[in-house]
Protein chains: 2
Amino acid sequence: MSQPSSPAPTPAPAEVPLAHRVPDLGALQLLLAVARLGSLGRAARELGITQPAASSRVRAMERQLGVALVDRSPRGSRLTGAGALVTDWAGRIVEAAEAFDAGAQALRDRRDSRLRVAASMTIAEYLLPGWLIALRTQRPDTAVSLLAGNSAAVAARLLAGEADLGFVEGLTVPAGLDDVVIAHDRLVVVTSPGHPWARRGKPLAAAELAATPLILREEGSGTRQVLDTALGGLARPLIELSSTTAVKASAVSGAGPAVLSELAVGEELAARRLVEIPLKDVRLRRALRAVWPTGHRPSGPGRDLLGLTR
Amino acid sequence: MSQPSSPAPTPAPAEVPLAHRVPDLGALQLLLAVARLGSLGRAARELGITQPAASSRVRAMERQLGVALVDRSPRGSRLTGAGALVTDWAGRIVEAAEAFDAGAQALRDRRDSRLRVAASMTIAEYLLPGWLIALRTQRPDTAVSLLAGNSAAVAARLLAGEADLGFVEGLTVPAGLDDVVIAHDRLVVVTSPGHPWARRGKPLAAAELAATPLILREEGSGTRQVLDTALGGLARPLIELSSTTAVKASAVSGAGPAVLSELAVGEELAARRLVEIPLKDVRLRRALRAVWPTGHRPSGPGRDLLGLTR
DNA sequence: CTGACTCATAAAGCCAGCTTATGTCCTCAT
DNA sequence: ATGAGGACATAAGCTGGCTTTATGAGTCAG
């Protein structure tokens, strides 16, 4: 609050860290299990903890959120109205955590992997984790290893026989590889709604974009290369950050215009936390491709994974 | 492990719970801060912990994931390649947690709220949290309270002066309210890829859908009403569950066909964890509307929120 | 009225993460 | 060259949260 010396009506927003206002993963999963099974005890058993632990954990969660989540009865437990809502929001967190886990598991360098994938950043960030989860439901035994790098690195791995299937996002396909286009991606210029660009009526010219310092991923990233090519020169960095999420956070906080894949900013655009700035004379579109050594179309688990990408 | 007596090659997938394989929110936020600030110490300061705590936490995370995440140097710390990937996956979790927090904060019944919103489930679940985050960046002082219910409940609150702005998803607008359409929503029939329906070539007839037991939200939900109306009778429940997420989980695990909002299943369809079954002679489309008492178009914070919805 | 199910409570133990207090290494400026 | 400052690592001690075990109490069916 901005009043000088009065007891703050809202007790200081970000004073308490997010991690203390949001229940931990275990608690959220427990809530989901209760919603699905209709009983604290059954949910506890599914998660491998005891019933009192589940009971106290749900109670702690209700205290933390200040909302009753489940209606307990001697015949079981059902979600309250607010509980159903909270459970669905919780589901989004758990889904993101499952994607994280699937990705992290593949990152661990496992020599016994049945399927070795090499992928560029955009694909590894936004598409691959979901595929890995799907693949696991189809073929639970398939251990997948993931290596992320630019197009050249992906091609080198494939040609050296160190990867079975690759995904690239470049404008061209490296020599010696067969490919199939699986999706398209577009880079977008975004600012916070407060930025001057957000209110200008006219589309932005490439020259103007090239002349303005931007929030960007570090040199060498795929995004950066596409941008440099399209602008016919090097984009000027205002800040260089080492992850897409960090770039987004800076843009949302109003630090300046950023250039990102549209896959990265869907939510933010929908909620108007970021605004897309239309461009006049550039198209920052690129194909996302699956690739493999010429003539060696993947079989086995690689074929299955390819099938998930269309 | 289902093999009788042989050492499991993969050390039992879900043996260790998800919560122990994914770092907690605090650790993930710390990683994001390191990515943004370029130093463990600065990141620690931002989160209000000491430098050794940050150091040990990142180290613990690297041990847990089995991957090096940051390159430490006497001049600061930068993410490794794998670290950038992990950081972005972490960002998705943190975003979901922020949405959860924004929603949960609004659910807490606060009488001093400057803006009282009443919304139907689909909107409260998928759209509102993002808007609340955006609203908070625009107007940090605005305390919002949320009440979720069906169209009739929303209308009642508005007409009783107990809510300032409503959102409904019905086919009709309750009497006494002005409205504006903010989006559209479509119910889709989905199954796991293994289900027989996933392989049939032809679209499904409404009669066939009506004759098949389905995984559904409980009676009284908006989804359920739309479905019953479209089928010209009551849909048969195979299982009734009290949250959308629980319905999704059941469908993914192959328990049967489910009917859900397309907003709920975007990720699952993209990764082919669920397959949409086309319908022949029904359209399960409905408008999402903002509503307010006739003649009393919201002003102040309500107007701002309305602006976020287009 | 007994057995099977639910959830709640109480007491005791363990583990994770924090802080404080150092130490080491590098870099830059004087 | 040398000292200051920043950045990360290590060690020791404390605290708090979550668990388990062991109960109690309410509801329903046979």
Side-chain angles (χ1 to χ4, degrees), chain A residues 15-66 68-80 83 87 90 97 242, chain B residues 15-80 83 87 90 242:
Chain A
E15 196 65 30
V16 173
L18 184 61
H20 291 160
R21 290 180 299 174
V22 177
D24 66 45
L25 259 185
L28 299 178
Q29 281 190 294
L30 175 61
L31 188 59
L32 295 179
V34 171
R36 193 152 30 80
L37 302 173
S39 145
L40 287 181
R42 269 201 291 280
R45 237 167 290 140
E46 183 177 88
L47 299 191
I49 61 177
T50 60
Q51 173 266 318
S55 183
S56 103
R57 219 165 180 191
V58 170
R59 187 171 298 284
M61 199 165 15
E62 290 178 315
R63 189 165 27 92
Q64 181 179 28
L65 301 178
L69 300 175
V70 308
D71 265 338
R72 295 135 170 100
S73 89
R75 290 196 316 292
S77 297
R78 293 187 58 70
L79 295 179
T80 62
T87 302
S242 40
Chain B
E15 195 66 29
V16 173
L18 185 61
H20 290 159
R21 289 181 299 174
V22 177
D24 65 43
L25 260 185
L28 299 177
Q29 282 190 293
L30 175 60
L31 188 59
L32 294 179
V34 171
R36 193 152 32 80
L37 302 174
S39 144
L40 286 182
R42 269 199 291 278
R45 237 168 291 140
E46 184 177 86
L47 300 191
I49 60 177
T50 60
Q51 172 267 318
S55 182
S56 105
R57 214 159 185 194
V58 170
R59 188 171 297 284
M61 197 163 20
E62 290 177 316
R63 189 163 26 100
Q64 181 180 28
L65 301 178
V67 177
L69 299 175
V70 309
D71 266 339
R72 297 139 171 92
S73 86
R75 288 199 313 296
S77 297
R78 291 187 60 70
L79 295 179
T80 62
T87 301
S242 40

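Naming: A, B, ... by sequence-line order, numbering from 1 per chain. Because only heavy atoms are used, hydrogens play no part in the values below, and waters and symmetry mates are left out as well, while side chains stay in.
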Task: Under-4.0 Å side-chain N/O to phosphate OP1/OP2 contact, B:T50 with C:dT19 - done: yes
Can you pull every protein N or O that's under 3.5 Å from an N or O on nucleotides 13-17 of chain D?
none

Task: Summary of protein contacts for nucleotides 22-30 of chain D, nucleotide by nucleotide, where a base hit scores B, a sugar-phosphate-only hit scores S (4.0 Å, heavy atoms) - done: B----SS--
- [ ] Identify the heavy atoms of B:L69 and B:M61 that sit nearest to each other, and give their distance.
- [x] CD1-CG, 4.1 Å
TODO: Kindly state each residue pair satisfying salt bridge (charged side-chain N to carboxylate O under 4.0 Å, His left out) with at least one member in residues 60-71 of chain B, sequence neighbours excluded.
DONE: B:E62-B:R72
Task: Protein-nucleotide distance (B:L47, atom CG; C:dC18, atom P), rounded to Å - done: 10 Å
Task: Backbone N/O of A:A68 and side chain of A:T80: donor-acceptor pair under 3.5 Å - done: yes
Would you mind writing out the side-chain donor-acceptor pairs for residues 29-37 of chain A within the sub-3.5 Å range, not counting sequence neighbours?
| unit_1 | atom_1 | unit_2 | atom_2 | d |
| --- | --- | --- | --- | --- |
| A:R36 | NH1 | A:E46 | OE2 | 3.4 |
| A:R36 | NH2 | A:E46 | OE1 | 3.1 |

Task: Candidate nucleotides D:dT20, C:dC7, C:dT19, ranked by approach to the side chain of B:A53 - the nearest - done: C:dT19
TODO: Apply side-chain hydrogen bond (donor to acceptor under 3.5 Å, both in side chains) to A:R42 and list each qualifying residue two or more places apart in sequence or on a separate chain.
DONE: none
Detail all sub-3.5 Å separations between protein N/O atoms and N/O atoms belonging to nucleotides 11-15 of chain C.
none

- [ ] Could you state the atom-to-atom distance from CZ of A:R57 to C1' of D:dT20 in whole Å?
- [x] 14 Å
Side-chain donor-acceptor pairs of residues 51-58 of chain B under 3.5 Å, sequence neighbours excluded:
| unit_1 | atom_1 | unit_2 | atom_2 | d |
| --- | --- | --- | --- | --- |
| B:R57 | NH2 | B:D24 | OD1 | 2.8 |
| B:R57 | NH2 | B:D24 | OD2 | 3.0 |

Open item on the list: Would you compute the distance between atom CG of B:L25 and atom NE2 of A:H20 and round it to the nearest 0.5 angstrom?
Closed with: 10.0 Å
Task: side-chain N/O B:S77 vs D:dC8 OP1/OP2, d < 4.0 Å - done: yes
- [ ] Grab the CG-P distance between B:D24 and C:dA16 for me, whole Å please.
- [x] 12 Å
Task: Residue closer to the 5' end of DNA chain D, A:S56 versus B:S55 (nearest nucleotide) - done: B:S55
- [ ] With a 4.0 Å heavy-atom cut-off, tell me which residues in residues 26-43 of chain A come close to DNA chain D, sorted by residue number.
- [x] none
Open item on the list: Is the shortest side-chain heavy-atom distance between A:L65 and A:P23 below 4.5 Å?
Closed with: yes
Open item on the list: Tell me which residues in residues 59-71 of chain B lie within less than 4.0 Å of DNA chain C, going by non-hydrogen atoms.
Closed with: none
Open item on the list: Whether B:R72 contacts D:dA7 is assessed here as follows: a side-chain N or O lying under 4.0 Å from the phosphate OP1 or OP2. Is that the case?
Closed with: no
